[in-house]
Amino acid sequence: MEEKYNFSEIEKKWQKYWEDNKSFKVTEDRSKKKFYDLEMFPYPSGKLHMGHVRNYSIGDVIARFKTMQGYNVLHVMGFDSFGLPAENAAIKHGIAPAKWTWDNIHEMEGELRRLGLSYDWDREVQTCSPDYYKWMQWIFIQFYNKGLAYKKENPVNWCPSCQTVLANEQVVDGCCERCDTPVTKKNLSQWYLRITEYADRLLDNLDDLPGWPNKVKVMQRNWIGRSVGAEIDFKIKDSDKALKVFTTRADTLFGATFMVMSPEHPYLMELVKGSEYEKPVNEYVEEVKHLNDIERTSTTREKTGVFIGRYAVNPVNGKEIPIYISDYVLMTYGTGAIMAVPAHDQRDFDFAKKFGLDIVPVVSSADPEIDVNNLTEAFAAEGTMINSGQFDGMNNRDAIEKMIDWLDHEGIGKKTVNYKLRDWLISRQRYWGTPIPMIYCDDCGWVPEKEENLPVLLPEDVEFTGKGESPITTSKSFVECTCPRCGKKARREVDTMDTFLDSSWYYLRYTDPHNDKKAWDKDKADYWMNVDQYIGGVEHAILHLMYARFFMMALHDLGLVSEEEPFRNLLTQGMVNKADENGVFKKMSKSVGNVVSPEEILQKYGADTARLFILFAAPPDRELDWSDEGVDGSYRFLNRVWRLVYDFVSTHDGGEIPAEVKSDLDKNLNYVLNTTIKKVTDDISKRYNFNTAISSIMELVNELYKDKDQKDLNQGLYQKAVKTVVILLSPFTPHICEEMWQDLDGNGTLVHHEWPSYDEDALVKDEVEVVVQLNGKVKAKVNVASGLSKDELAEQMQQDERVQKLLEGKTVVKTIAVPDRLVNFVVR
RNA sequence: GCCGGUGUGGCGGAAUUGGCAGACGCACAGGACUUAAAAUCCUGAGGUCUUUAUCGACCGUACCGGUUCGACCCCGGUCACCGGCACCA
């Protein structure tokens with residue numbers, strides 16, 4: 001063993017060893033308990049960033065730990081390698097997207113290897129590889145055949161900069177999530193996946209995921225946005241049509257004094273045709289079309305709208321109420337029309353004030369400060385029903401159910417459920433993605449490509465102009481084809497799939513990555529699924545994590561997998577921050593200029609130090625503040641461990657020394673040793689608090705330094721403790737530990753070494769320090785034998801000299817004793 | 001506006017079931033080693049007051065209040081910051 005810790009040589013050596021020996025290769029070994037440990041795979045942007053390092057270091061600790069505990073651990077890596085940046089590189093630099101992507105993948109594979117991550121590289125997948133997207137297309141066709149995929153013309157979100165449509169989930173604050181350009185609306189015929197059919201299951205199954213952070217579950221619940229209410233028909237005067245509305249406040253029906261339709265409502269033109277209102281209505285509709293989402297949904301904007309010249313009849317009281325159109329009513333939610341109850345809804349209130357419409361209260365408040373007949377804002381809280389005929393006097397919450405029952409009975413309404421969740425728009429007008437395997441035939445309509453013809457390969461004879469239509473349209477050989485059903489000339493779909501589809505099932509392909517007959521073998525998938533631990537950034541809380549859940553359910557319903565949830569436990573890691581020039585911690589980003597490149601840290605300190613620091617600086621789910629001094633500290637610690645081991649091996653000539661626990665020093669070290677094993681084991685497996693696991697290893701190391709030259713200490717025990725340090729530390733810093741292990745033990749490597757167990761008896765000290773409190777305040781500490789009962793403890797304490805002194809002149813009213821911890825005397 | 005989260009030394013953080021607040025590390029200070037420096041090893045440290053020092057006293061987990069023998073932890077209220085959603089009927 002070298003005296004000096006030479007990380008660079010050591011890390012190269014062990015990375016090569018693991019690779020040559022395929023140390024992390026796994027198969028479906030049914031004699032062992034399996035553990036599927038998965039980190040979200042990266043987009044091959046070119047270089048790893050610290051967020052990746054953090055993500056994969058966390059995953060690697062878990063994988064290595066579980067392996068040492070004897071689990072059959074599936075730990076894999078791949079690349080989510082379709083997407084726009086590759087295409088932008090093509091436009092900007094004239095590099096083919098495929099080349100750009102594969103170059104990046106190879107670069108990043110190298111970086112991942114240099115981190116010493118324990119992946120079974122034989123299972124690597126890349127979503128841009130035809131071997132992968134063939135099965136993506138196959139899955140799409142299964143969805144299509146089941147009615148889960150359909151094409152429909154709709155106003156869609158359009159990013160003028162990316163020149164493509166976006167899913168609702170990809171619109172953030174009215175802007176494109178990728179480039180921040182304000183999103184506009186466009187009417188386009190697009191492919192959708194019927195995720196709304198799974199809304200209830202996506203929602204209900206969340207209750208069966210105790211291993212998910214509550215925060216993520218809440219976000220998904222809100223996104224699905226289930227609300228229970230009623231659909232009510234309002235007859236339109238002088239028409240055979242009825243206007244259907246959705247409301248969660250059926251109790252306020254008597255207070256509906258007008259109605260509002262969305263400007264996009266399909267009945268609208270019919271209702272105004274030929275009347276004097278046709279022109280102003282059309283003008284308003286045009287005006288609204290030109291607003292983008294940010295403008296339209298701004299809550300601070302004053303309400304706008306126009307009367308359409310028609311009236312509806314309130315079914316409960318026969319009152320004729322005017323119909324307006326306004327852009328605050330959205331065609332994409334509910335029925336696209338509402339009954340307006342200005343007294344009890346703020347938006348309706350604002351609208352009524354602006355247009356001078358009636359405000360009729362139907363719920364009164366118990367609060368004397370609120371006069372519902374004289375409202376300055378809508379009253380939305382609980383109260384008692386008024387002005388509502390037979391419902392008067394009821395609590396309004398109870399009245400909701402009663403009103404719905406009544407409507408149902410009268411045949412004018414019924415209970416319904418509405419969701420905010422929309423079907424998933426998956427068409428993208430871009431090149432670098434999975435081609436949608438559909439063909440349009442003038443006679444047969446849309447027909448899926450035959451399975452034997454898959455994959456539909458991306459064409460290479462395309463031009464990247466960055467303007468106008470998708471580059472694929474420039475490939476004649478791609479577009480022109482024959483109809484798989486009738487054989488006539490037909491046209492191939494030129495849109496590609498949203499890349500979120502690729503990442504919705506990759507965890508399944510990992511279980512059987514080289515299968516060229518099937519997307520995966522069901523037995524293999526069933527052996528490994530579901531993912532026992534999934535780790536990634538919280539930014540995927542809605543998009544990826546909900547799409548993947550939807551896929552798993554749909555695949556389950558197709559009989560392709562047995563489970564219906566993909567990820568049993570989820571760990572969302574926090575961001576990596578660093579101080580900017582003003583000392584304020586911000587997420588590492590190029591624009592702030594506070595990035596630290598992993599490559600630079602690997603060069604200077606090595607992978608083990610990088611991993612150790614990142615795991616030690618904060619618990620995984622919290623933000624991590626980068627500190628150069630902290631990295632130094634982690635490096636110092638590894639050197640400290642190295643010296644400890646070096647000193648030991650250079651003064652002992654190999655061979656196992658029998659461990660004995662005799663002296664007080666032995667007892668103490670044995671106690672620290674066993675409590676450390678217990679703490680590290682619990683911290684990794686139960687709490688994922690790697691920072692505290694590491695700090696307790698540090699404490700053990702400090703203890704060993706203290707004990708180093710003690711003559712009374714049993715050398716066998718000391719050896720055992722030194723070895724244990726190396727074993728416990730190995731999931732965090734594998735290279736240095738393997739190297740030290742060679743000289744310390746020499747039998748095999750640590751990858752499959754058994755995880756140490758602790759001796760319960762050693763966790764109990766002979767003597768414990770017990771705190772003496774007076775009225776809850778600490779006054780003294782006394783050593784007593786451990787394991788005393790409450791009474792014995794109290795008894796013994798009362799006889800202690802110092803305690804007696806404390807109690808002098810006071811009356812003990814009550815004594816509370818907690819064995820091995822404290823005694824509290826309540827005194828007067 | 002609604003929903004969720006967080007608030008502890010100079011800093012990152014610890015306290016796992018209501019039982020010694022500040023583990024571990026960073027930064028800092030002192031000492032040992034050295035011609036010297038670096039590295040290393042050892043020691044110290046929440047604040048205020050008192051004392052030559054010891055001993056000690058008081059305050060202290062955002063703020064106000066409550067429950068309890070005892071509260072960073074439980075309950076009620078307030079403030080600040082962070083995240084998500086947002087004209088969703």
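Treat the numbers as computed from the prediction; the structure is a model and nothing was measured. To find a chain, count down the sequence lines: A is the first, B the second, and so on, and within it residues start at 1. Only heavy atoms go into these numbers, but all of them, side chains included; no hydrogens, no water, no symmetry mates.
- One P atom belongs to B:G60, the other to B:C26, and the distance between them is 31 Å to the nearest Å.
- For the pair A:Q220 CD and B:G4 P, the computed distance is 17 Å after rounding to whole Å.
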For nucleotides 66-79 of chain B, read 5' to 3', which letter fits each nucleotide if B means a protein heavy atom sits under 4.0 Å from the base, S means only the sugar-phosphate is that close, and - means neither? ---B----------

Summarise protein proximity over nucleotides 24-33 of chain B in one line of letters, 5' to 3': B for base, S for sugar-phosphate only, - for none, counting protein heavy atoms closer than 4.0 Å. BSSS------

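- Of the side-chain N and O atoms in A:R221, none sit less than 4.0 angstrom from OP1 or OP2 of B:C2.
- Note: NZ (A:K578) to C1' (B:C11) measures 15 Å, nearest angstrom.
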Each nucleotide N or O in nucleotides 56-61 of chain B that has a protein N or O under 3.5 Å away: list the pair and distance.
residue	atom	partner	partner atom	Å
B:C59	OP2	A:K777	NZ	3.2

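- Rounded to an integer number of Å, the gap from A:L822 CG to B:G18 P is 15 Å.
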Once pairs are restricted to Watson-Crick or G-U wobble with both distances under 3.5 Å, how does RNA chain B read as a dot-bracket string, [ ] for crossings and | for other-strand pairs? (((((((..(((......[....))).(((((.......))))).((((......))))..(((((..]....))))))))))))....

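- For residues 786-798 of chain A, no residue pair satisfies the salt bridge (charged side-chain N to carboxylate O under 4.0 Å, His left out) rule, not counting sequence neighbours.
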Classify every nucleotide of nucleotides 83-89 of chain B by which part a protein heavy atom approaches to under 4.0 Å, writing B for the base, S for the sugar-phosphate alone and - for neither, in 5'-to-3' order. SSS-BBB

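- In this structure, the CG atom of A:N577 is 11 Å from the C1' atom of B:C82, given to the nearest Å.
- Side chains of A:Q170 and A:N157: no donor on one and acceptor on the other come within 3.5 Å.
- Using a 4.5 Å heavy-atom cutoff, the side chains of A:F254 and A:V360 are not in contact.
- Between the CZ atom of A:F690 and the C1' atom of B:U16 there is a distance of 16 Å, given to the nearest Å.
- Around atom CD of A:Q798, more than 12 heavy atoms belonging to other residues, nucleotides or ligands sit under 6.0 Å away.
- In this entry the distance linking OH of A:Y635 with C1' of B:A38 reads 14 Å, nearest Å.
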